[in-house]
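Written out below as structure tokens is the structure these notes cover.
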Amino acid sequence: MPLESLGLSTLPIQDLFPSIRQNLARHNQLILRAPTGAGKSTALPLAMLDWPEVEGKILLLEPRRLAARMIARYLARCLGEKVGQRVGLRVRGETQVSAETRLEVVTEGVLTRLIQSDPELTGVGLILFDEVHERHLATDLALALALEVQGGLRDDLKVMLMSATLQGQPLAQLLPEAPLLESEGRSFPVSVEYAPVATGQPWLPSLVAQVKRQLASQDGNLLVFLPGMGEIRSAAEQLQGQVADNVDICPLYGQLSGAEQDRAVAVPEAGRRKVVLATNLAESSLTIDGITVVVDAGYQRRASLNLRTGQTRLELVRISQSSAEQRAGRAGRLAPGHCVRLWSETQQQGLAEAELPEIQRADLLSLVLELAAWGTTDVNELAWLSPPPDSAVQRARALLQRLELVAADGRITALGQRVHRLGADPRLGHMLVKAAAWETDSKEPGLLRLACDLAALLEEGDPLRGRQVGADLGRRLDAARSGRYRQMADKWWRQLGQGHASKPAHHSEAGWLLALAYPDRIAQGRGGSGHRFLLSGGAGATLEESDPLCAEPYLVVASLNERAGQGDARIHLAAALNLDALKAVQPGLFETVRHAGLDSASGALKAERQTRIGALVVGRERLSDLTEADYRLALLDHLRRKGLEALPWSDRARTLQARVALAAQTLTTESWPDLSDSALLAGLEQWLGPYLSGLTKTGQLKQLDLYQILLDQVPWQAQSLLNSELPERLTVPTGSALALHYHSGGVKLAVRVQEMYGQSDTPRLARGALPVTLELLSPAQRPIQITQDLAGFWAGAWSEVKKEMKGRYPKHLWPDDPANTAPTRKTKRHLT
DNA sequence: CTCTCCCT
């Protein structure tokens, strides 16, 4: 069809059409760089409907539901049709496709599901990935699966990656055979001004001043990029009353209602101007028309998984160069614009080229379950733009196993398949399926309905966010029973709810239900000031001190945020937990262990039977039948807490540690034990345990001969090699056997220079692999020279040293050719 | 002083 008739005649992407067609005829992979406004997600897919090079259906992938819906509507209108005719739409909760549909606009998560249900993607000829540069987790996963389909089952399937920028994106590395086509965008020049904030100064006041300056000096509307809601509110307060009457201040962030967002996006009435204070939302998700000036603070909040604790933390970080460019571009969509950056040109060079892709920093629980549903237990089997980090994959798999969604071999279980089908977060999905089963078994009505309400609340976000109402989830349940919350909860209830009550059980059941989703976030009050808690996963967490939940001995924490550099995480959403109720339904969470330990106050040994949930001790029973094993365990426990320094180290034992470490590097024909501090601490029970027999008090640890115990760890053969090649002492030319000083990097010998006469070159150990660092001393034991090259020293610096020594110690012998002089410990008088 | 998305 003629594009002119669709009002798309002037789009830059058209110039590339002949080239795209040629390449589609010859290749099944293609990379297209096209900035905003080129027409890559509008004119291009429409034109493709008529191209003979494209057979079958076209899938256009969008990262966001809103964008997918708008594009589908726009394209259908261009064809004079409704969505669901030639142009279809498939997003969560909305499917409009028919037999007539040739082009389906879908979100990335939907493609993943399509591939899982039909791995051959029957009828699909081409997949267009839009906005690949944003590198969402869903993009990377959908792409990896699509390439798997293409490589293994469908070599006729065509895949095209479309990205606004290639800066820092490994697209060509992943698809080395794919031709790379580049299109111009359609935008106006944006002048960039660097206005750095003085070091050590808070940046918000500078930003407010800049906004006022730009309002005075430039025409049009301003878009200001800030990291979060808090900064936006504070900036709005500082600007209020400080700007002209015709200027509106419009906050814009995800948590605002649709109407409030619309106000920020709308074009102001004639004679009025606006300042939009926005988060990252305005960088890619929302377009605001009529912006001529961008003021960029240069920060964003970014979620990353903390591998140590398994919690996600939100950090304030600098944006990337690529992101800064996208933000600046927002000023040049309709006319030439201006951008002020609150950093310097030097700092600009220091910014990362692109954002770290989500797959490299996010919690991978969903990703690993999606892969298991597809049948992959080894993530490295797939081709990734950036591979998911092993450590995060292992953590995700461990939790999925704990939730019984995957088996020990990594395969998905029947329960896992049911949870996957729900499309909920795996933790919440587990809670939903178990709640349905419990309601059936216990005949207690409304458990499933309550679980559905809780899951919707946690997936869609806190309806009371930002208000000072404490962390209690119960207070939010009523606020989250309408609108989108209701829609989601109803969907799950329909999937699982046959024969279940439609009225939710009481709030007080929320605690144990949530423990099904968050077994690692059961919290126990730490006593003392009352707002500090310990989590079953081992980390600490705190409530606001005024929060009524502080009075609860146990909580389940549904949402918390670690703060970089500060100790405990802050609890945002939690429910009180009745431990007895939890034990009745989830006895498997509780484990019983015999624990022996030394009372830190009295030093006396005590043994108890502890009931634990992960790191929490929730019950204790004193035991009186102490055994030798108890003493041993208690002493080991004591050492683990105090560290290796609590052992009676001698110089000789420390030296042995260093000798064995050096032996492992230089004498590789033998195998050597790892006697490093970290290995010793980790393996305390194995190497030290046997020597603790008969000891009953910490004071008796002093009796241990650590040198001998460590030496016992070295096999006999290796011991004799150690003694010959890395000896404790070295015999110098005078015959003195001097102590060698071993350390992690090598070995040193301190010796009076006169004792080295007659030695022509540096002595070497470990079959010559290790030169001895010589610290040559004056007759008064003062250092003269440190060298690993004795021959060089004799031939070079010695003549100067000799002169100085002669002046200071005239009674000693200072020869011209020390390498060929007899060594001595004495003065000249003794020689004559 | 909680960023933003997504799920047959």
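Model, not experiment: these values are computed from the prediction. Below, chains carry the letters A, B, ... as their sequence lines are ordered, and counting in each starts from 1.
Atom NE2 of His136(A) is separated from atom C1' of dT4(B) by 7 Å (rounded to the nearest Å). Following rounding to the nearest Å, Glu355(A) (CD) and dT4(B) (C1') show an atom-to-atom distance of 12 Å. Note: CD (Glu94(A)) to C1' (dC7(B)) measures 15 Å, nearest angstrom. Whole-Å rounding puts the Gln300(A) CD to dT4(B) C1' distance at 10 Å.
Distances shown here put every side-chain N or O of Ser284(A) at or beyond 4.0 Å from the OP1 or OP2 atom of dT4(B). The phosphate of dC7(B) (OP1 or OP2) has a side-chain N or O of Arg65(A) nearer than 4.0 angstrom. Residue Arg113(A) places none of its side-chain N or O atoms closer than 4.0 Å to OP1 or OP2 of dT8(B).
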Give every donor-acceptor pair under 3.5 Å between a side-chain atom in residues 360-368 of chain A and any protein atom, sequence neighbours left out.
residue	atom	partner	partner atom	Å
Arg361(A)	NE	Leu356(A)	O	3.1
Arg361(A)	NH1	Ala303(A)	O	3.1
Asp363(A)	OD1	Leu365(A)	N	3.1

Atom pairs and distances, side-chain donor-acceptor, residues 60-67 of chain A, under 3.5 Å, sequence neighbours left out:
residue	atom	partner	partner atom	Å
Arg64(A)	NH1	Glu134(A)	OE1	2.9
Arg64(A)	NH2	Glu134(A)	OE1	3.4
Arg64(A)	NH2	Glu134(A)	OE2	3.0

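Applying the side-chain hydrogen bond (donor to acceptor under 3.5 Å, both in side chains) rule to Trp384(A) yields no partners; only residues at least two apart in sequence or on another chain are considered. Residues forming a side-chain hydrogen bond (donor to acceptor under 3.5 Å, both in side chains) with Arg69(A) (at least two apart in sequence, or on another chain): Glu94(A).
Sequence neighbours left out, the pairs with a member in residues 229-240 of chain A that pass salt bridge (Lys or Arg N to Asp or Glu O under 4.0 Å) are Glu231(A)-Arg301(A).
Each of Gln311(A), Glu315(A), Glu562(A) was compared with Asn306(A) under the side chain to side chain donor-acceptor pair (under 3.5 Å) criterion, and only Glu562(A) meets it.
The side chain of Arg64(A) lies closest to dC6(B) when the candidates are dC7(B), dC6(B), dC3(B).
For the contact set between residues 360-373 of chain A and DNA chain B, defined by any heavy atom under 4.0 Å, there are no members.
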